[in-house]
*Asks:* 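Input: one structure, supplied below.
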Amino acid sequence: MKDYTVDELNHAINQWIRGRNALRNREVFRMSFIDGIPQEQIAEQFDMSTRQIQNIIYACQRQLFPHLK
């Protein structure tokens with residue numbers, strides 16, 4: 001996989017992460033994948049369990065990564 005700029009990643013996230021709760025899921029994924037914020041901290045901010053955050057991140061990866069080369 002090539003190195004992407006933050007702008008390119010944000011564009012891809014906006015384009016490919018869709019579905020129910022897409023806005024929240026994009027934000028969670030950005031916080032984890034781009035900003036490197038620990039999942040525990042993200043969970044606190046969204047009032048969710050760490051497991052729920054992990055599930056969101058994995059779902060986003062499945063939607064996004066096939067489109068990144």
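Owing to the predicted nature of the structure, the values given are computational and were not obtained by experimental measurement.
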*Asks:* For a quick test of reading the model, state the closest non-hydrogen atom pair linking Ile17 to Phe29 and the distance between them.
*Replies:*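 Of all heavy-atom pairs spanning Ile17 and Phe29, the closest is CD1-CD2, 3.9 Å.
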*Asks:* Rounded to the nearest 0.5 Å, what separates atom CD1 in Ile53 from atom CE in Met48?
*Replies:* 5.0 Å
*Asks:* Quick one: list whatever passes side-chain contact (heavy atoms from CB on, under 4.5 Å) with Asp35, sequence neighbours left out.
*Replies:*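 Expected list: Met31, Ile37.
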*Asks:* Under the side chain to side chain donor-acceptor pair (under 3.5 Å) rule, what pairs show up with a residue in residues 58-67, not counting sequence neighbours?
*Replies:* none
*Asks:* Specify the closest pair of heavy atoms between Asn25 and Cys60, including all atoms of both residues, with the distance to one decimal.
*Replies:* O-SG, 3.7 Å
*Asks:* Closest heavy-atom contact between Ala43 and Thr50?
*Replies:*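 Heavy atoms of Ala43 and Thr50 come nearest at CB-N, 3.8 Å.
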*Asks:* Between Trp16 and Val6, is there shared hydrophobic-cluster membership here, with clusters defined by ILVMFWY side-chain heavy atoms closer than 4.5 Å?
*Replies:* yes
*Asks:* My understanding is that only residues two or more places apart in sequence, or in another chain, count here; which of them pass salt bridge (charged side-chain N to carboxylate O under 4.0 Å, His left out) with Glu40?
*Replies:*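 With sequence neighbours excluded, Glu40 shows a salt bridge (charged side-chain N to carboxylate O under 4.0 Å, His left out) to no residue whatsoever.
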*Asks:* Only counting residues at least two apart or in another chain, list the ones meeting side-chain hydrogen bond (donor to acceptor under 3.5 Å, both in side chains) with Glu44.
*Replies:*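 Not a single residue meets the side-chain hydrogen bond (donor to acceptor under 3.5 Å, both in side chains) criterion with Glu44.
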*Asks:* Which pairs with one or both residues in residues 4-29 pass salt bridge (charged side-chain N to carboxylate O under 4.0 Å, His left out), sequence neighbours excluded?
*Replies:*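 Listed by first then second residue: Lys2-Glu8.
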*Asks:* Once you round to the nearest 0.5 Å, how far does CD1 of Ile13 lie from CD1 of Ile34?
*Replies:*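 Spacing of CD1 (Ile13) from CD1 (Ile34) equals 4.0 Å.
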*Asks:* My understanding is that only residues two or more places apart in sequence, or in another chain, count here; which of them pass side-chain hydrogen bond (donor to acceptor under 3.5 Å, both in side chains) with Asn10?
*Replies:* Arg30
*Asks:* Taking side-chain hydrogen bond (donor to acceptor under 3.5 Å, both in side chains) as the definition, give me every residue that meets it alongside Ser49, ordered by chain and number, with sequence neighbours left out.
*Replies:* Gln52
